[in-house]
Amino acid sequence: MKITWFGHSAFRLEFGTSVVMIDPFLSGNPAFGGDAEAASAGATHVLLTHGHGDHIGDTVAICKRTGAKLVTNYDLGVYLARQGIEKFDPMNTGGTTDQGDFSVSLTIAFHSASEMDENGVSHCLGSPNGIVVTPKDKAQPTVYHMGDTEIFADMALIDELYKPAIAMVPCGDRFTMGPRSAALAVKRFLPSVRTAIPCHYATFGLLLPDASGFVAEMNGANAKVVVPEKGVAFAA
C-alpha cells in the first residue's frame, strides 16, 4: 500500500486496483498548495469521515471528474448526491460495506458535523465517524482514519474488532485531540497499531503548528510515528 498525505486530514491510499481518497480537502487547503487534480488522479473511491468543509473538500469535483464512488454516512451522502454525485454507497455508524478490493466500516467519533449552504442555511449532515479500510488482500494493512475526534475508551473495541495496523491520528488540538490525548489513544487503546500518522495540525492558525508534541508523547510506544512529507507517497 502507498499512502500520501496532503495536509490536514486528506490522504490517498493506493493498493490493488483501488485509489482511495479520504477527506480530500485540497483546493483552498493552505497546508496543501499542490495540484488537486493530480493529487486525486485515478480515484476509484472517496471516503468521508464527516460533514465539515475542511473534510468534504473537493469530493464533488473528484467524483464528477473520475467517476469515483462516494462512501460515507447516509445523511452526508444524500446532501452531496444532490450536488451531482452519481455513485454513492450509503452506510452509517457500525456498518460495513464491500468496495471490491476492500471493505469500509464506520466507527463512532466525538465531534460535530454540519455545513452552511450559499443561502446561509445550516444543514445537519449526520454523525461524525472514523473510517476503517480493510483490504481483502491480507498482505495489505488495515487502516483506521480516526476522523476528527476526542479520545474515547471504546477505541479499544475498534482495535479488537478490526485490528488496524495503521492509524491516522488528529493531534492539532482545539477541535480534536491534542498531543497528549492523541498519544494516549494509540498507546492505551490501539495496541494493534504499528504506524501512527499525525494529522489535522498546521493547517490554520488555530491549530498546533507541527506534530512535535505528538511525537514526544509517543516516546516509548510500541507504534512508530511517521510524519509524512506532504504530497510524497510512502510505503506502508
Margin query: Treating E150 as the side-chain partner and T176 as the backbone partner, does any N or O pair qualify as donor plus acceptor under 3.5 Å?
Written below: no
Check: With distance as the sole test, does D101 use its side chain to make a donor-acceptor pair with the main-chain N or O of T17 at under 3.5 Å?
Finding: yes
Note to self: Applying side chain to side chain contact (heavy atoms under 4.5 Å, CB included) to L207 and H8, what does each step give before you reach the verdict?
What the structure shows: CA-CA 10 Å; L207 303 180; H8 207 54; 4.0 Å; yes
Margin query: Main chain of K224, side chain of R194: is a donor-acceptor contact present, judged purely on distance under 3.5 Å?
Written below: no
Notebook entry, point to check: According to the interplanar angle, ranging from 0 to 90°, do the rings of H111 and H52 count as parallel (below 30°), tilted (30 to 60°) or perpendicular (above 60°)?
Noted result: perpendicular
Notebook entry, point to check: Do K136 side-chain atoms and S103 backbone N/O form a donor-acceptor pair below 3.5 Å?
Noted result: no
Item checked: Donor-acceptor under 3.5 Å (T149 side chain, M146 main chain) -> no
Next item on the list: Determine which pairs satisfy side-chain hydrogen bond (donor to acceptor under 3.5 Å, both in side chains) with at least one residue from residues 117-127, sequence neighbours left out, and list them in order.
Entry: D117-H123
Checklist line | Crowding at CG, N222 (>12 non-hydrogen neighbours, <6.0 Å) | finding: no
Note to self: Test of understanding: clusters of I, L, V, M, F, W, Y form through side-chain heavy atoms closer than 4.5 Å, transitively. Do L208 and V227 belong to the same one?
What the structure shows: no
Check: If two hydrophobic side chains count as joined below 4.5 Å and joins carry through other members, does I56 share a cluster with F175?
Finding: no
Margin query: Below 30° counts as parallel, above 60° as perpendicular, anything between as tilted: where do the rings of H55 and H50 land?
Written below: tilted
Notebook entry, point to check: Tell me, which pairs form a side-chain hydrogen bond (donor to acceptor under 3.5 Å, both in side chains) where one or both residues lie in residues 178-189, sequence neighbours left out?
Noted result: none
Notebook entry, point to check: Under 3.5 Å, is there a donor-acceptor pair between the side chain of N129 and the main chain of T107?
Noted result: yes
Check: In terms of heavy-atom contacts, does OH of Y74 have more than 12 from other residues, nucleotides or ligands at under 6.0 Å?
Finding: no
Check: What closest approach, in Å, do G100 and D98 show between heavy atoms, and which atom pair accounts for it?
Finding: N-OD1, 2.8 Å
Checklist line | Shortest non-hydrogen contact between R174 and L206, atoms and distance | finding: NE-O, 3.4 Å
Checklist line | Shared hydrophobic cluster, M1 / V225 (ILVMFWY, side-chain heavy atoms < 4.5 Å) | finding: yes
Next item on the list: Go through the side-chain N and O atoms of S192 and D159 and say whether any donor and acceptor fall under 3.5 Å apart.
Entry: yes
Item checked: Closest approach of T203 to F25 (non-hydrogen atoms, all atoms of both residues) -> CG2-CE2, 4.3 Å
Next item on the list: Would you confirm whether T66, through its side chain, and A43, through its main-chain N or O, come within 3.5 Å as a donor-acceptor pair?
Entry: yes
Next item on the list: Go through V60 and L80 one step at a time and tell me if the side chain to side chain contact (heavy atoms under 4.5 Å, CB included) criterion holds.
Entry: CA-CA 7 Å; V60 174; L80 294 175; 4.0 Å; yes
Check: When Ile, Leu, Val, Met, Phe, Trp and Tyr are grouped by side-chain heavy atoms lying under 4.5 Å apart, directly or through other members, which residues fall in the same group as V19?
Finding: none
Check: Is the gap between the ring centers of H45 and F102 under 6.0 Å?
Finding: yes
Notebook entry, point to check: Going hydrophobic residue to hydrophobic residue with side-chain gaps under 4.5 angstrom, can you get from V133 over to V46?
Noted result: no
Check: Is a side-chain donor or acceptor of K64 paired with a backbone partner of Q83 at a separation under 3.5 angstrom?
Finding: yes
Next item on the list: Could you grab the distance from atom CD1 of I85 to atom SG of C63, nearest 0.5 Å is fine?
Entry: 4.0 Å
Notebook entry, point to check: Okay, side chain of D58, backbone of L26: is any donor-acceptor separation there less than 3.5 Å?
Noted result: yes
Checklist line | Exercise: identify the closest heavy-atom pair between D75 and G126 | finding: CB-N, 3.5 Å
Checklist line | Rounded distance (nearest 0.5 Å) linking atom CD1 of I22 with atom OG of S9 | finding: 10.0 Å
Check: What's the shortest heavy-atom distance between A183 and E217, and which atoms?
Finding: CB-CB, 3.5 Å
Next item on the list: Check S114 against C124 and note the closest heavy-atom contact, atom names and distance.
Entry: CB-CA, 4.3 Å
Note to self: Determine whether F11 and M21 satisfy the following criterion, side chain to side chain contact (heavy atoms under 4.5 Å, CB included), listing intermediate values before the conclusion.
What the structure shows: CA-CA 6 Å; F11 288 87; M21 303 295 296; over 6 Å; no
Check: Is there a donor-acceptor pair closer than 3.5 Å between any side-chain N or O of D23 and the backbone N or O of T49?
Finding: yes
Notebook entry, point to check: Would you say E160 has more than 12 foreign heavy atoms packed within less than 6.0 Å of its CD?
Noted result: no
